[in-house]
Amino acid sequence: MKFSIIIPVYNVEAYISKCLDSIKNQSYDNYEVIIVNDGTKDNSVNVIDKYLSDNRFKLYNKENGGLSSARNYGIKYVTGDYILFIDSDDYIERDLLNNFNNILKSKEYDLVKYNIKVVDDNYNLIRMENGLDKSKEIDMYSLLGLEFSEPAWAYLYKASFFIDNNFLYPVGRIHEDFGLTPLIILKASNIYYLNYYGYNYVQRGNSIVNGGEKNLKRCNDMLFHFDYLYS
């Protein structure tokens, strides 16, 4: 099983090494890393260059268009069986891909949901997602009851399922996951829940979801997503 990992990058030079190291050190090695430089203005690309000697790591450059635009751009280069989105200031646990592979040996799922840890800027644990009691196949109602049911990075996606449905993230909107993930869940023919804390979500004060000046746009964009999902 080959995994395609898409990482949008914009002004994350202080975090990107932690992210890429967590992938490079995976216990499972059949993957590709699609790094999308979304017009970054800092030294992120210089940091990324050090990883490109590993031919599994590929860098693609584009003009700045935002997180959704970068994710959509990365999807075009997917050659793997499954897609995993990672935000460039977050990181994953060493056995995440191996756990995915072990599940998918016996049955392929459209979606695999796994557990999230929330950490601070210094990678200290803040809290852990309150997940289910064990790994198992679940329905969408069980899935929607989980804490992290909407973020793009909370799932592994079957590539053919994602691409054939022409799933694209809404460009120029905050909380873009809310505008697409519910549709993905509704379309999925089967879903597996992996009781493994594989993703570390870094809470940093200046992130896209934490700036105080973003509050009005956040509210307006959530209304946009709601209207879109309703229609």
Side-chain angles (χ1 to χ4, degrees), residues 1-38 40 44-45 47-48 50-52 54 56-62 66-101 111-121 123 128-129 148-159 162-163 167-169 175-177 180-181 184 194 196-204 207-209:
M1 194 69 63
K2 181 179 179 180
F3 301 100
S4 296
I5 303 171
I6 298 176
I7 307 176
V9 170
Y10 183 77
N11 292 356
V12 286
E13 62 179 298
Y15 299 91
I16 189 62
S17 287
K18 180 77 171 177
C19 178
L20 297 181
D21 283 343
S22 75
I23 301 168
K24 193 172 182 66
N25 295 328
Q26 286 292 296
S27 56
Y28 184 85
D29 62 5
N30 189 12
Y31 61 81
E32 63 180 356
V33 186
I34 300 167
I35 307 168
V36 180
N37 169 26
D38 190 39
T40 192
S44 296
V45 172
V47 177
I48 294 166
K50 301 173 185 177
Y51 295 83
L52 300 183
D54 184 331
R56 295 173 300 180
F57 289 72
K58 304 292 185 183
L59 176 63
Y60 300 92
N61 300 295
K62 63 181 288 294
L67 182 58
S68 291
S69 174
R71 284 178 181 162
N72 295 341
Y73 190 85
I75 291 166
K76 298 187 297 183
Y77 296 97
V78 165
T79 65
D81 303 295
Y82 278 82
I83 298 171
L84 180 67
F85 295 102
I86 303 179
D87 282 359
S88 51
D89 49 359
D90 299 335
Y91 59 100
I92 58 176
E93 294 296 324
R94 185 174 187 272
D95 293 322
L96 180 59
L97 299 186
N98 192 51
N99 274 287
F100 287 152
N101 187 62
L111 283 180
V112 178
K113 171 72 176 74
Y114 57 103
N115 291 336
I116 311 300
K117 291 187 287 185
V118 182
V119 301
D120 64 20
D121 278 2
Y123 310 122
M128 302 174 75
E129 179 179 9
F148 291 102
S149 61
E150 292 163 3
W153 38 254
Y155 300 91
L156 179 74
Y157 308 86
K158 188 174 182 178
F162 198 99
I163 294 169
F167 291 134
L168 294 171
Y169 290 94
H175 296 307
E176 67 292 327
D177 319 71
L180 180 61
T181 302
I184 295 175
L194 172 63
Y196 175 73
Y197 287 87
Y199 192 97
N200 295 277
Y201 170 40
V202 179
Q203 295 257 285
R204 54 189 182 106
S207 72
I208 192 170
V209 296

_I92, I35, L20 screened by side chain to side chain contact (heavy atoms under 4.5 Å, CB included) with I86, the one that passes_ =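 Running side chain to side chain contact (heavy atoms under 4.5 Å, CB included) over I92, I35, L20 with I86 returns exactly one hit, I92.
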*Between Y114 and F100, is a ring-ring contact (aromatic ring centres under 6.0 Å, His included) present by the stated rule, with each step listed?*
CA-CA 9 Å; Y114 57 103; F100 287 152; 5.4 Å; yes
Looking at every non-hydrogen atom in both residues, tell me the closest pair between [X] and [Y] and how far apart they are.
X: S4; Y: G80; answer: OG-N, 2.9 Å
X: I16; Y: S44; answer: CG2-O, 4.5 Å
X: S17; Y: V47; answer: OG-CG1, 3.0 Å
X: Y10; Y: D38; answer: CD1-O, 3.3 Å
X: Y196; Y: R94; answer: OH-N, 4.3 Å
X: S88; Y: P8; answer: OG-O, 3.1 Å

Would you say the ring centers of [X] and [Y] fall short of 6.0 Å from each other?
X: Y60; Y: Y77; answer: yes
X: Y199; Y: Y91; answer: no
X: F85; Y: Y169; answer: yes
X: Y157; Y: F162; answer: yes

*Do L111 and I184 pass the side-chain contact (heavy atoms from CB on, under 4.5 Å) test, and can you show the C-alpha distance, the side-chain angles, and the key distance before you say yes or no?*
CA-CA 9 Å; L111 283 180; I184 295 175; 3.9 Å; yes
Gap separating the [atom1] atom of [X] from the [atom2] atom of [Y], nearest 0.5 angstrom:
X: S27; Y: N99; atom1: OG; atom2: CG; value: 7.5 Å
X: I83; Y: K158; atom1: CD1; atom2: NZ; value: 12.0 Å
X: D90; Y: Y201; atom1: CG; atom2: OH; value: 7.5 Å
X: T181; Y: F167; atom1: OG1; atom2: CZ; value: 9.5 Å
X: L156; Y: Y82; atom1: CG; atom2: OH; value: 7.0 Å
X: Y73; Y: N37; atom1: OH; atom2: CG; value: 10.0 Å

Measuring only between side-chain heavy atoms, which start at C-beta, is [X] closer than 4.5 Å to [Y]?
X: L97; Y: L84; answer: yes
X: V45; Y: L59; answer: yes
X: V78; Y: I6; answer: yes
X: Q26; Y: L96; answer: yes

Are [X] and [Y] linked by a side-chain donor-acceptor pair shorter than 3.5 Å?
X: N101; Y: Y28; answer: yes
X: E93; Y: N200; answer: yes
X: S69; Y: K62; answer: yes

*Is it true that a side-chain atom of Q203 and a backbone atom of V119 form a donor plus acceptor pair closer than 3.5 Å?*
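Checked: no pair found.
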*Start with the C-alpha gap between D120 and V202, add the side-chain angles, then the distance that decides, and say whether side-chain contact (heavy atoms from CB on, under 4.5 Å) holds.*
CA-CA 6 Å; D120 64 20; V202 179; over 6 Å; no
*Residue pair L180, L168: steps toward the side-chain contact (heavy atoms from CB on, under 4.5 Å) verdict*: CA-CA 7 Å; L180 180 61; L168 294 171; 5.8 Å; no
_salt bridge (charged side-chain N to carboxylate O under 4.0 Å, His left out) contacts in which one or both residues fall within residues 8-24, not counting sequence neighbours_ =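 Of all non-adjacent pairs touching residues 8-24, those that pass salt bridge (charged side-chain N to carboxylate O under 4.0 Å, His left out) are K24-D54.
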*Just grab all the salt bridge (charged side-chain N to carboxylate O under 4.0 Å, His left out) pairs involving residues 68-84, residues at least two apart or on different chains.*
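Output for this query lists R71-D87, R71-E176, R71-D177.
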_Candidate pair I75 and I163, rule side-chain contact (heavy atoms from CB on, under 4.5 Å), full reasoning_ = CA-CA 8 Å; I75 291 166; I163 294 169; 4.1 Å; yes
*Looking at residues at least two apart in the chain, or sitting in another chain, which of them share a side chain to side chain contact (heavy atoms under 4.5 Å, CB included) with N11?*
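Partners of N11 by the side chain to side chain contact (heavy atoms under 4.5 Å, CB included) criterion, ordered by chain and then number, come out as T40, K41, D42.
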_Intermediate values then yes/no, salt bridge (Lys or Arg N to Asp or Glu O under 4.0 Å), E32 and K2_ = CA-CA 8 Å; E32 63 180 356; K2 181 179 179 180; 3.8 Å; yes
